[in-house]
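Structure, as structure tokens:
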Amino acid sequence: MELTGAQILMKVLKDEGVDTIFGYPGGAVIDIYDELAKTDIRHVLVRHEQGAVHAADGYARAKGRTGVCLATSGPGATNTVTGIASAYLDSIPVVIITGQVPTHLIGNDAFQEVDIVGITRPCTKHNFLVQRTEDLARIIKEAFYIAQSGRPGPVLVDIPKDVGNTKIDFEMPTDVNLRSYNPTYNPNPRQLKKVLKLIEESERPMIFAGGGVILSKGSEELTKFARRAQIPVTTSLMGLGAFPGSDPLWLGMIGMHGTYRANICTGACDLMISVGVRFDDRVTGKTDSFASQAKIVHIDIDPTSIRKNIPVTTPVVGDCRKTLENLNALLDETDLGDLQQKRKKWLDQIVDWRSKRPLDYEQDEDVIKPQYVVEKLYELTKGEAIITTEVGQNQMWAAQYYHFESPNHFITSGGLGCMGFGLPAAIGAQMACPDKLVVDIAGDGSIQMNSQELMTAVQNCLPIKVVILNNGYLGMVRQWQELFYDKRYSCTCMDHAPDFVKLAEAYGAVGLRATKPEEVRSVLKEGLFSPETVIMDFRVAKEESVYPMVPAGAPITEMLLV
Amino acid sequence: MKEEKHVLSLLVDNEPGVLSRISGLFSGRGYNIESLCVAETTEPNISRLTIVTKANQPLVEQVKKQLNKLINVLKVYELTGQKFVQREMALIKVNAKPDNRAEILRIVDIFRCKVVDVGKEHYTLEITGDEGKLAAIMSLLRPIGIKEIARTGAIALFREPKNGN
């Protein structure tokens with residue numbers, strides 16, 4: 001069958017089960033767009049290509065499958081870079097298709113030409129420049145395979161215009177064969193036996209889970225494992241939702257803004273079973289004193305994560321879910337004795353830490369506290385909403401005060417810490433899960449980084465809710481300036497902001513505002529149960545800080561508390 | 001922890017962009033490259049790349065893992081710590097005036113190198129050997145006057161196990 005490159009692309013995308021593409025047209029992808037319109041793939045027209053990648057990222061996280069976006073050459077391609085870097089650092093499977101100038105013009109500084117393969121080489125899992133139409137189908141297949149297998153990540157495919165409009169005889173490739181790429185899914189049984197022995201010997205064990213558990217769909221196995229072995233669980237920011245926030249074994253999040261009990265546990269435990277984490281500096285603080293009394297087990301599918309930042313007693317290379325499954329099977333055959341008795345002292349100690357230093361903030365009768373807004377949001381949504389966030393204080397308060405029960409419900413730019421992520425990610429999540437309530441918890445600063453995507457939401461009738469914790473500051477940097485720079489608020493005051501209610505209305509969305517604590521509940525209620533896109537502008541305490549806080553580079557057991 | 005030289009030998013896909021993926025990994029992550037050599041193997045779609053890097057033990061482990069993670073890298077071998085042969089090559093253009101031409105040829109003889117180009121006032125020598133041999137000949141030629149030099153990095157292969165060993 002004779003088909004053009006653009007037609008082949010559509011065939012392969014359909015074959016890969018793609019139902020939604022986030023994108024923005026342009027000269028180099030005009031042939032692809034011409035064919036796209038003839039398929040039943042939904043195209044979401046974003047207002048900036050960065051939004052397209054974040055939306056594909058949000059789609060991937062909410063749905064647990066690869067997100068796809070499409071941009072033109074040159075500026076279209078360069079605009080995707082921030083989104084790609086964010087997906088890369090959080091290991092999110094996204095396939096980015098970019099147009100390129102025709103092959104005979106490559107290298108000539110042609111109109112809208114950039115070497116996007118060169119630019120994105122360090123922030124993609126892999127990338128391709130398709131040089132012949134004959135290679136296109138195979139490369140697209142490989143791109144999807146690489147993006148979603150092993151440790152997932154973004155893969156970019158750059159398609160020159162002539163590759164898209166050349167006709168060739170087409171046959172669908174059957175399977176992908178990459179001779180140099182074989183991720184290790186099955187853990188080594190000998191290592192697992194060692195882990196089991198460590199659990200048996202341990203008096204004060206804890207589990208530290210991360211995004212890898214969610215990516216491998218291993219939350220159920222993790223929960224089973226922790227409950228069976230009676231081991232308390234903390235997670236990184238990326239791991240929130242991997243373990244139910246209502247479980248008595250839940251410690252709260254670890255790290256710079258982790259809970260007191262999770263961070264103190266880290267210093268006191270004698271065994272840390274880490275699963276699908278990479279020991280980011282925001283988690284470990286000073287690495288020399290991190291979990292210094294503990295033997296560390298590290299389970300991860302990516303061998304480079306192991307012993308990169310932290311020395312490990314027992315490494316286990318494997319898929320998180322598979323490894324936990326195997327550990328659970330081993331536990332079923334093992335008599336661990338009277339665990340209730342054995343763990344009593346350790347778990348009682350944790351309860352004591354918790355009651356002594358719970359997550360807390362000072363209430364105020366006249367001023368809305370941002371934490372209060374998140375608490376009320378949690379109550380009203382019964383913890384069932386998909387929460388996306390921007391980056392900064394809003395992100396940390398969301399992580400602390402919205403108690404996630406299940407995976408794929410917390411969508412945040414963890415590794416890159418990319419402001420402007422939450423709104424487009426909410427669009428992607430809502431496209432992936434039309435029946436879910438999707439809420440973007442935002443700050444007044446970061447919402448302005450991609451607020452153009454409000455138009456995308458309204459155009460596609462997406463009832464996403466944006467909760468702005470509006471304090472008139474770039475709050476997280478202000479907090480650092482307050483604590484470490486003698487309150488010299490250099491350039492962090494953002495008291496010139498748009499009227500967010502009017503902004504919402506200008507885009508055809510609903511705008512609501514609360515300025516007093518007693519209005520919070522009613523504004524949230526009105527906004528959340530509206531069938532439309534809604535912006536809620538909460539005027540919150542201007543100089544509220546996120547606590548606990550571990551100063552950068554300090555041991556994580558040394559926290560500044562409320 | 002002590003930094004030492006490590007010789008790594010990689011088999012990689014022979015296709016455009018692979019070298020920049022590897023060199024980009026080193027520069028992006030702040031790893032060191034002492035030398036790097038690359039050429040096709042007997043299989044035209046596979047190249048062998050020899051990298052000499054300076055790193056402490058945990059870091060070289062991380063370097064190897066990161067290299068292995070690149071999709072276009074088929075195999076990563078570390079030769080350091082095992083039996084292997086290693087060679088570098090240099091082309092050295094030396095001043096050759098009538099009064100020192102004989103001296104240069106004696107050095108050529110001792111080091112078993114070759115004269116590959118001759119002129120009224122120069123010889124160009126080709127020498128292969130390990131780093132030490134190249135350093136030695138250069139220290140002898142320097143007083144005579146080295147006009148220009150071109151050097152390769154190291155290339156290396158494992159020694160095959162010998163019978164009875």
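Each chain gets a letter, A, B and so on, in the order its sequence line appears, and its residues count up from 1. Small disclaimer: the values here were computed from a predicted structure and weren't measured.
- Around the CZ atom of B:F26, the shell of radius 6.0 Å holds more than 12 heavy atoms that belong to other residues, nucleotides or ligands.
- A:R121 has its side chain within reach of B:R21: a pair of non-hydrogen atoms, C-beta onward, lies under 4.5 Å apart.
- Surrounding NZ of A:K295 are at most 12 heavy atoms belonging to other residues, nucleotides or ligands under 6.0 Å away.
- Note that CD1 of B:I71 and CG of A:L178 are 7.0 Å apart. Values are rounded to the nearest 0.5 Å.
- Counting heavy atoms of neighbouring residues, nucleotides and ligands inside a 6.0 Å radius, atom CG of A:D109 does not exceed 12 of them.
- Counting only heavy atoms from C-beta outward, the side chains of B:I46 and A:R179 approach each other to under 4.5 Å.
- Considering CD of B:E15 and CD of A:Q131, their distance stands at 9.0 Å, rounded to 0.5 Å.
- Heavy atoms of other residues, nucleotides or ligands lying less than 6.0 angstrom from CD1 of B:I155 number 12 at most.
- No more than 12 heavy atoms of other residues, nucleotides or ligands shown are found within 6.0 angstrom of CD on B:E148.
- Between the side chain of B:K65 and the backbone N or O of A:I306, at least one donor-acceptor pair lies under 3.5 Å.
- Dense packing is recorded around CD of B:E40, with more than 12 heavy atoms of other residues, nucleotides or ligands lying under 6.0 Å away.
- Between the side chain of A:T304 and the backbone N or O of B:Q66 there is no donor-acceptor pair closer than 3.5 Å.
- Only the side chain of A:D302 comes within contact range of chain B, with heavy atoms under 4.5 Å apart.
- Using a 4.5 Å cut-off between heavy atoms, A:P303 touches chain B through backbone and side chain atoms alike.
- At a threshold of 4.5 Å between non-hydrogen side-chain atoms, the residues A:H126 and B:N72 count as touching.
- Residue-environment remark: CD (B:E131) stays at or below the threshold of 12 foreign heavy atoms within 6.0 Å.
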